[in-house]
Amino acid sequence: MQNQFMQRAIDLAIENVNTRRGGPFGAVVVRNGAILAEGTNLVTLTLDPTAHAEITAIRNACRAAASFQLDGCEIYTSCEPCPMCLGAIYWARPDRVYYAGTREDAAAAGFEDAFIYDQLHVPPDARAIPMHGLMRGEAQAAFAAWRKLEGRVDY
């Protein structure tokens with residue numbers, strides 16, 4: 001079954017290229033031995049830099065499951081997740097992830113994300129896109145309101 005789901009993710013990636021919808025990436029979310037949702041890279045089609053295959057599959061799966069978490073699910077993706085997708089996967093909390101191509105394979109095709117991995121270890125103000133803290137004290141009000149909120153849904 002695992003190979004069948006991975007093949008579907010790979011087929012989605014190839015179809016995505018052939019139909020000129022986006023980059024060569026596909027992903028499926030599986031629950032209870034069946035595909036719950038699929039996703040492809042739609043970055044250029046939707047003008048959304050976050051529309052990677054794993055992200056679109058997670059969004060579709062969460063809608064289908066009526067939940068913001070994917071526990072009990074597995075993600076099959078045609079390539080090793082980039083840092084953004086990795087973060088989304090951890091927030092979605094599937095049971096496991098399977099990937100086909102590696103980040104090195106993606107880099108060889110022009111999808112280089114090693115610099116993003118590297119930037120995670122650089123102090124925010126020294127990154128390629130400098131990041132500067134601003135109004136931290138005032139921002140604490142939002143966290144205080146959250147901590148006081150009765151019946152909040154933690155995630």
Identify all side-chain donor-acceptor contacts of residues 29-43 below 3.5 Å with residues at least two apart in sequence or on another chain.
unit_1: Glu38; atom_1: OE1; unit_2: Arg8; atom_2: NH2; d: 3.1
unit_1: Glu38; atom_1: OE2; unit_2: Arg8; atom_2: NE; d: 2.7
unit_1: Glu38; atom_1: OE2; unit_2: Arg8; atom_2: NH2; d: 3.3
unit_1: Thr40; atom_1: OG1; unit_2: Asn16; atom_2: OD1; d: 3.2
unit_1: Asn41; atom_1: OD1; unit_2: Gly23; atom_2: N; d: 3.2
unit_1: Asn41; atom_1: OD1; unit_2: Val43; atom_2: N; d: 3.2

| request: Would you mind listing every salt bridge (Lys or Arg N to Asp or Glu O under 4.0 Å) that reaches into residues 112-135, with sequence neighbours excluded? | output: none
| field | Sequence-distant partners of Gln7, side chain to side chain contact (heavy atoms under 4.5 Å, CB included), two or more places apart | value | Ile10, Asp11
Show me, pair by pair, the donor-acceptor contacts under 3.5 angstrom made by side chains of residues 82-89, not counting sequence neighbours?
none

| query | For His121, which residues count as a side chain to side chain contact (heavy atoms under 4.5 Å, CB included) partner, sequence neighbours excluded? | reply | none
| Of all residues at least two apart in sequence or in a different chain, which pass the salt bridge (Lys or Arg N to Asp or Glu O under 4.0 Å) check with Arg96? | Glu74
| said: If you compare all heavy atoms of Pro94 against all heavy atoms of Ile75, which two are closest, and at what distance to 0.1 Å? | reply: CG-CD1, 3.9 Å
| field | Residue list, salt bridge (Lys or Arg N to Asp or Glu O under 4.0 Å) with Asp105, at least two apart or on another chain | value | none
| query | side chain to side chain contact (heavy atoms under 4.5 Å, CB included) with Asp71: which residues, sequence neighbours excluded? | reply | Gln69, Asp95
| message | The criterion is side chain to side chain contact (heavy atoms under 4.5 Å, CB included); which residues satisfy it with Cys62, sequence neighbours excluded? | response | Ile58, Leu70
| query | For Ser78 and Pro24, which heavy atoms make the closest approach, and how far apart are they? | reply | OG-O, 3.9 Å
| note | Apart from Val17 itself, its cluster of hydrophobic side chains linked below 4.5 Å comprises none
Report all side-chain donor-acceptor pairs from residues 137-149 shorter than 3.5 Å, counting only partners two or more places apart or in another chain.
unit_1: Gln140; atom_1: NE2; unit_2: Arg136; atom_2: O; d: 3.1

| query | What pairs meet the ring pair (Phe, Tyr, Trp, His ring centres under 6.0 Å) rule with one or both residues in residues 3-29, with sequence neighbours excluded? | reply | Phe5-Tyr76, Phe25-Phe111
